[in-house]
Structure formats: structure tokens, C-alpha cells
Amino acid sequence: MPNDPVAARVWALAGPARVSRAPETAAANAACDALETRVGDLLDRMTLAEKIGQMAQVNGHEGSVSEELRAAVAGGRVGAILNEVHLPTANELQRIAVEESRLGIPLLMGRDVIHGFRTILPIPLGQAASFNPELARQGARMAAQEAAAAGINWSFAPMLDITRDPRWGRVAETFGEDPYLFSRFAEAMVRGLQGDDLARPGSIAACAKHFAGYGASESGRDYNTTNIPEIELRNVHLPTFRAALDAGAATFMSSFSALNGVPASANRFLLRQVLREEWGFDGFVVSDWAAISQLTIHGLAADQREAAFAAASAGVNMEMASSAYTDHLAGLVADGHLEEALLDELVCAILQVKFRLGLFDSPYTDPAALPPAASEDHLALARRSALQSLVLLENKDGVLPLSPDRLRSVAVIGPLADDPYEQLGTWVFDGDTALSRTPLHAIREFLGEGVAVHHARAMETTRSRSTAGFDEAVAAAGRADAVMVFLGEESILSGEAHSRANIDLPGNQADLVRVLADTGKPLIAVVMAGRPLTLGNIIEEVDALLFAWHPGTMGGPAIADVLFGIESPSGKLPVTFPRMVGQVPIYYAHGNTGKPATLEQFQHMDDLPVRTPQTSSGLVSAHLDAGFTPQYPFGFGLSYTRFGYSDLSLSSQAIVMGETLTVRVRVTNLGACEADEIVQLYLRDPVASVVRPVRELKGFQRIRLAGGESREVEFMLAPADLAFIGQDLREVVEPGAFHLWVGGDSRAELHARFTLLERPSSDPESP
Ligand code: BGC
């Protein structure tokens with residue numbers, strides 16, 4: 001233990017003295033030298049100050065290089081910049097680093113490239129609704145190329161925080177509530193951003209963030225405390241990160257939040273035990289923005305020096321934005337609190353990523369080597385992505401699709417019908433609103449001269465309380481054969497630190513829907529939002545309800561394609577939609593209680609006779625007012641056709657541990673219209689050493705069937721699909737019966753069961 005009293009507390013937290021001598025450190029250094037002789041050579045030539053410089057990421061000035069920044073880069077005091085997307089400035093910063101700093105180490109240039117760059121794709125939650133990770137991979141590739149052309153070589157994406165709380169503003173950035181679906185998107189995003197080879201033009205380093213547990217922020221309030229039992233952490237919150245790591249994610253970001261009492265940016269369990277020791281991660285970890293300095297505000301460190309110590313010894317390689325490392329690491333080494341070998345380990349990983357990116361060989365960006373941004377191809381991809389993200393929630397009497405031949409006039413109403421900015425969603429620093437095609441624009445273009453389009457905004461924003469625009473909207477509706485109302489949330493109502501406690505449509509939107517419904521005209525509501533909303537107060541009023549998330553640059557044409565039947569909607573919900581916010585957290589893969597609710601047993605509070613005697617017998621787990629079912633379940637989404645599921649068969653009724661099971665099912669398009677369907681496979685392990693979810697997604701396929709067409713779809717269930725983290729926190733597969741269901745959403749009814757045997761059943765000793 002050091003003598004220094006201020007550090008003693010944090011020192012104790014960091015574990016045995018001289019963490020740098022922990023065995024994993026030695027191993028990491030050896031790997032570093034062996035893998036990258038150039039890294040080893042470079043490290044040998046670096047002064048302590050130059051090493052600490054590599055561990056600092058500072059904010060750019062968006063288009064200029066201040067004298068202070070120039071001096072810091074030339075002096076080797078900066079390893080990475082963020083938020084500099086002006087290409088000449090980015091190249092100039094690289095030039096200063098390469099030509100003017102003593103060792104010529106190039107810079108990492110980071111940016112939040114979350115769902116597109118100039119061309120904006122649907123928010124990640126919307127992309128997840130496509131159940132099409134390959135499309136997300138292509139989108140990430142496009143975004144990487146557009147960003148690379150601006151000098152960016154590192155994206156702070158993908159965001160991998162599972163959440164089951166739609167109040168949380170950052171749900172928009174997630175791929176939903178389900179570890180399996182989310183993990184497929186995690187891999188796809190990493191592959192899209194990084195490409196096959198990080199050194200190729202157009203490949204940028206991915207950053208798996210925010211490690212870990214951030215999505216469990218209490219009450220959905222951003223940055224809030226998270227308390228997650230380790231079994232749940234490992235079964236639910238960590239698999240997305242593991243998937244990103246297995247796909248080759250070069251970097252990780254430590255979360256702002258405290259996990260089980262220890263802020264993630266000083267969390268040795270997460271950063272050393274899980275990430276490095278168990279998973280063997282050899283990339284580097286950057287803190288979230290000023291998260292190291294905030295360790296003092298959390299109350300984990302008394303000052304910035306302790307904060308630097310806690311983060312470095314936990315394994316955070318680079319500090320974003322704040323300067324605890326810059327100001328204190330040298331002193332901590334000089335005082336003997338940290339050994340320089342620990343810094344070598346941390347810096348080595350940063351340098352390795354720079355080598356993998358090819359920055360030492362070609363630090364400058366030549367935009368001519370990359371495809372042009374916002375090309376026709378990019379816009380077409382954004383349109384496809386938006387199209388597949390649209391989820392049809394209601395379609396009473398088949399009011400959709402609208403048949404243009406039968407329309408003489410339509411009304412296009414609402415605060416989000418013609419807003420090129422709001423449809424882009426959160427995290428669109430570089431999105432070009434001039435490219436946006438709004439629904440109004442697309443509807444006009446689609447219908448042409450022959451159909452009159454009456455437009456009324458009705459409300460200035462989604463939050464407006466004024467009804468001043470209602471009369472004009474009602475008049476427009478009165479003149480129309482069909483009314484399309486574009487509702488939802490502006491983009492600023494979701495995203496970082498933009499959480500809501502009430503997730504109804506804000507402002508007077510429900511009233512607007514009511515007055516439009518009173519006109520008696522067919523009423524189609526399209527909702528653009530960054531989160532699931534509670535829609536109970538408009539569902540009865542509308543004839544159709546299309547959930548469009550924030551659909552991005554090409555949202556308008558994609559929505560028009562669906563409204564007018566050019567394409568059938570095919571998105572499915574990647575999150576459960578609650579009836580009331582008080583149901584949160586509500587998610588399909590919940591564990592069973594000892595008293596699960598059924599429709600037969602559940603009694604709504606309105607139906608409870610007065611003076612019903614209190615008893616605990618026959619009671620079930622439900623809310624008296626909201627019941628126990630969601631408004632719309634995970635995996636749900638309507639189509640313009642219906643799909644039939646039949647002939648479910650398994651390759652065997654019993655498999656032995658380690659074997660793979662083949663599941664086949666026939667899917668038939670029962671209607672006339674060609675359409676995509678997302679075929680979903682759910683599994684349940686009904687008896688296990690820990691309570692397992694009542695259902696878990698274990699496979700999905702997007703297929704396209706012509707009207708009347710039928711196809712056999714095959715799934716392979718691998719041993720890993722039956723595994724879970726058990727009581728001893730290790731992965732386990734337990735023999736016994738399993739149930740599976742296949743269908744079009746998480747309530748799928750087509751069922752089969754099989755048995756997992758420990759040994760072949762011919763074995764006389766088998767049970
Ligand atoms: C966010 C990160 C983001 C970083 C840099 C933080 O506030 O939490 O997700 O990557 O800023 O912009």
C-alpha cells in the first residue's frame with residue numbers, strides 16, 4: 001500500500017499493489033511485442049510523457065486548429081481527436097502529428113457515426129425492426145465510407161446497451177431488448193464499419209459502447225445508477241458486447257454509469273476480469289466523455305489524481321475529453337503508485353489499433369479514393385433500410401394500402417409530415433437535411449397531378465398545446481378521401497439525456513387525432529419517434545397505425561411506398577410496446593413467477609366487486625389496471641398479406657449434448673400480395689438450475705413470398721443456443737426437455753418439443 005493517504009482508498013479498490021504486475025499485464029505485453037514488433041520498437045523509444053500523450057483524446061475545433069491544439073499535437077501530448085470532420089483540418093492535424101511530433105505517431109480521429117453520416121439511415125432501433133442485420137452491415141459500410149471521406153478513422157458505434165425501458169432516451173440508439181437479435185446487429189455493425197481489413201480506405205474502427213449495463217439506468221433516467229445481478233448481467237447485458245468483440249471490434253468505451261456501485265470507468269471486474277482476462281480483448285478502451293474526471297462526482301475518487309489512478313489501474317487506455325490522465329499519470333508513476341509497465345500495456349493497445357488502421361503508412365485521407373457521399377446508391381440503401389424498418393401496428397378493415405386510383409384528394413396533416421430535420425432522429429451531427437425527403441414531398445411526388453394533396457401542419461411542434469391549427473386541419477380532412485396524420489416526437493425528445501417519464505404522444509397530438517377521427521374520413525396515423533410510445537389513447541380513433549421510428553433521409557419515400565402498397569410493410573418490433581408506462585420494464589423474455597397471470601384468472605380493477613375479501617389464493621402477477629400483456633409484443637408487425645405456419649418438424653426428438661438440431665417449418669403466403677415475412681424461432685428451457693425466460697428468440701429469417709407461395713424454412717439450433725449462465729456464473733447446458741415455437745411474433749403458437757440427453761439413449765447408464 002502506498003503511504004499517500006488520499007490514494008489508499010482507491011488503491012485498496014484497485015486490488016493488490018502494483019496492478020501492473022498482475023499476470024494478465026505480462027501476457028498482454030508479450031502479445032504486444034510478438035504481434036507488433038513495430039509497436040514494441042516504438043514503445044521502447046517513447047518517453048513517459050509521450051506515452052501519456054497517446055492516452056489523451058481531445059475535442060477538435062470543427063474546422064480550425066488552435067495554437068494550443070497545434071502545440072499539443074506537435075508536442076506528442078495528444079493521441080486522438082474527436083469531432084473534427086472538416087477534412088483539410090483533419091489532414092492538417094495528421095500532418096502536425098506525423099511531421100512535427102518527435103515520433104510522428106498519427107492521430108485517431110473519432111466521431112459518433114451512429115446511423116449514417118451525410119446520408120442518414122433509420123435510428124438503430126428502427127434498423128433493428130428490419131430484422132435484417134445484413135442491411136445494417138451495408139448501412140454501416142456506407143456510413144464508414146462517408147465518414148472516412150471527412151477524415152474520420154474511428155466511430156463511437158455500435159451502441160450495445162440492451163434496454164427494457166422505453167423512457168430512456170438512448171433506447172433510440174439501441175437495437176432493442178433482446179440479446180439474440182441485438183447481438184446479430186452488433187456483429188453486423190462492427191463488420192460494416194471495419195470492413196474486411198481495417199487498413200483499407202473506407203474502413204474505420206468500431207467502438208463497442210457503453211461497457212456495460214448502461215441500458216439498465218434506474219427509472220430510465222440517463223446516466224443513472226444500474227444494479228444488475230451478475231447472472232442477469234452475463235445472460236442479458238454482456239452477450240451483445242461479446243458478439244462485437246468476436247466480430248473484431250477494435251475498441252470499447254466504458255460507460256458513464258456505475259454498475260453495482262462501481263463506476264464502469266473504474267470497474268476492474270468489467271474491464272480487467274471480463275473484458276481482458278475472460279474474453280481476451282486486445283484492443284483498447286476509451287472512457288466515455290469526461291467519465292474519468294466524473295469519478296470524483298460519483299464519489300469514488302476524492303480528486304482527479306485518484307480518478308486517474310482508479311481508471312488506469314482498472315484498464316481504461318484512453319481518456320476522452322477530460323485531463324485526469326494528462327495531469328496526473330506522470331506523478332502517479334513518479335510516486336510509485338503506478339508502474340510504467342502498466343502504462344506500456346495501455347499504450348501498446350492504442351498503438352496497435354493505429355497500426356491495424358494503417359495510419360502509420362497512410363495517415364492522410366484522400367476523398368477521391370472513396371465513393372461520393374449521398375450518392376444514388378446511398379440514398380437507395382437508406383430507402384431500403386427505412387422501408388424494412390416500418391412496422392404496421394393497426395390496419396382496420398384493410399384500410400391500407402391506399403389505392404391511388406380511387407383517390408381524388410388526400411389530406412396530409414401533422415407536425416412531422418414535412419420536417420426534413422426531425423425525421424433524421426438523434427445523433428445526426430453530420431446529416432444533411434437538404435437531402436431529406438419528407439412524407440409530404442414523397443406523397444405529392446407519388447400521387448402526381450391527378451390527386452389533390454391538402455396539407456395542414458396543425459401543430460407547430462409535437463409538444464404544442466395550442467389547438468389554433470386544428471380548424472385548418474379538420475377543413476383539409478373534410479375535403480379529402482383519406483387522411484394521413486404524421487405524429488410522434490421531435491428528434492430532441494430522445495437520445496442522450498433526453499429521457500421521458502410519460503411516453504404518451506406529447507402535446508395535443510391525441511386531441512388532434514380525435515378531431516380528425518370525428519370527420520369520419522379514413523384516418524391513417526404515422527408515428528415517428530425515438531422510442532416505443534404508449535399509444536392507447538389513439539388506437540381506437542385511427543383506422544391504421546404505422547410506426548416509422550425516426551426513419552432518416554429517405555423516410556418519406558419509404559413511408560409512401562407502404563401507404564400506397566408499392567411494398568407491404570415488413571418490420572417487426574424489436575421492443576415490447578407497453579400499454580401504460582407503469583408496466584415498464586415489460587419484455588417478452590421474462591422469467592416466470594410462481595403465479596403467472598392468465599387471461600382466465602386476471603381480473604381488472606373495474607370488474608372487482610366492492611368489498612371483495614382479501615385472499616392470496618388464486619392471485620396472479622399482473623397490474624390491476626394494465627393487466628399483464630403489452631400493447632404490442634416483441635416481434636409483432638402486420639403485413640398486407642397473411643402468413644400461415646405449418647409442418648413444423650425436427651431432425652430428431654432427442655439430441656445428445658453437442659449435437660445440432662434442425663428445425664423445419666412451412667411458411668405460406670395466404671394472400672395475393674408479394675411480401676416479406678420475418679420467421680421467428682423461440683425456445684424455452686422449462687426446468688433449469690436458474691429461472692429461464694418463458695421464451696427466447698434463437699433464430700429469425702426474413703423471407704420473401706409471392707402471393708400463394710409456400711416455402712420450407714430451416715433453422716439450426718446449435719449447442720450454444722441451449723446454453724445459459726447458471727448459478728455458479730459459468731456457461732452451462734442442462735439436459736432435459738426444451739420447447740420451441742415458430743411463427744411471426746413472440747406469441748407464436750406452432751409448437752414442438754425435444755429432449756437434450758447427456759449421453760446417447762442407447763447408453764445403458766443414460767436416464
Ligand atoms: C456519449 C457517447 C459518445 C460521446 C462522444 C458521450 O456523451 O455518451 O456515446 O460517443 O459522448 O460524443
Side-chain angles (χ1 to χ4, degrees), residues 56-62 78-85 90 107-117 123-125 140 143-144 147 150-163 168-175 186 189-190 193 204-217 220-226 240-241 244 249-259 263-265 267 270 283-295 297-298 311 316-323 425-431 491-492 494-499 530:
Q57 178 171 46
V58 303
N59 208 22
H61 296 88
E62 311 219 7
V78 177
I81 305 273
L82 77 157
N83 297 332
E84 182 51 78
V85 291
L107 295 163
L108 287 166
M109 304 290 284
R111 183 67 155 177
D112 291 278
V113 184
I114 308 296
H115 54 113
F117 189 72
I123 53 170
L125 192 58
I152 296 303
N153 52 37
W154 181 21
S155 167
F156 303 123
M159 197 265 219
L160 303 179
D161 303 305
I162 289 268
T163 189
W168 191 43
R170 301 199 80 166
V171 65
E173 294 171 60
T174 77
F175 293 92
M189 288 293 296
V190 171
L193 292 168
I204 65 179
C207 183
K209 73 183 188 186
H210 309 82
F211 197 62
Y214 186 32
S217 296
R221 188 154 56 80
D222 207 2
Y223 315 132
N224 211 358
T225 298
T226 73
T240 54
F241 288 96
T251 72
F252 269 54
M253 184 187 293
S254 61
S255 172
F256 282 132
S257 44
L259 172 67
S265 297
N267 196 311
L270 284 174
F284 75 83
V285 177
V286 64
S287 74
D288 202 343
W289 180 280
I292 295 181
S293 117
Q294 289 164 13
L295 293 174
I297 309 176
H298 273 291
V316 178
N317 307 66
M318 184 183 282
E319 178 174 17
M320 183 193 289
S322 49
S323 62
T426 185
W427 285 117
V428 290
F429 294 145
D430 307 291
S491 54
I492 197 62
S494 59
E496 184 174 345
H498 288 79
S499 298

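What you are looking at is a predicted structure, and each value in this text was computed from that prediction instead of being measured. First listed ligand is number 1; within each ligand, the first listed atom is number 1.
Contact annotation: for Met159 versus ligand 1, there are no heavy atoms closer than 4.0 Å. Counting heavy atoms under 4.0 Å from ligand 1, residue Gln57 does not touch it at all.
Partner Met159 forms a side chain to side chain contact (heavy atoms under 4.5 Å, CB included) with one of Met253, Glu173, His115 and no other, that one being Glu173.
Using a 4.0 Å cut-off to heavy atoms of Arg170, the atoms of ligand 1 that qualify are 1 (C), 2 (C), 8 (O), 9 (O). Residue contact check: Phe156 has heavy atoms under 4.0 Å from atoms 10 (O) of ligand 1. Ligand 1 places these atoms under 4.0 Å from at least one heavy atom of Met253: 10 (O). Taking a cut-off of under 4.0 Å to the non-hydrogen atoms of Glu496, the atoms of ligand 1 that pass are 1 (C), 6 (C), 7 (O), 8 (O). Counting the atoms of ligand 1 from 1 in the order shown, those under 4.0 Å from a heavy atom of Lys209 are 2 (C), 3 (C), 9 (O), 10 (O).
Ring pair Trp154/Phe284: centre-to-centre distance below 6.0 Å.
Polar contact with ligand 1: absent for Trp289 (N/O pair, distance under 3.5 Å).
If you check the side chains of Tyr223 and Glu496, you find a donor sitting under 3.5 Å from an acceptor. A side-chain donor from one of Asp222 and Tyr214 sits under 3.5 Å from a side-chain acceptor of the other.
Considering every non-hydrogen atom in both Val113 and Ala147, the closest pair reads CG2-CB, 3.8 Å. The heavy-atom pair separating Leu193 from Ala157 by the smallest distance is CD1-O, 3.5 Å. The shortest non-hydrogen separation linking Ile152 to Glu84 is CD1-O, 3.6 Å.
Closest to atom 9 (O) of ligand 1 among all protein heavy atoms lies His210 NE2, 2.7 Å. The shortest contact between atom 10 (O) of ligand 1 and any protein heavy atom is with Asp112 OD1, 2.6 Å. Shortest contact from atom 4 (C) of ligand 1 to any protein heavy atom: Asp288 OD1, 3.4 Å.
Using a 4.5 Å cut-off on side-chain heavy atoms (C-beta onward), Met320 and Phe156 make contact.
Met320 counts as a contact of ligand 1, since one of its heavy atoms falls under 4.0 Å from the ligand.
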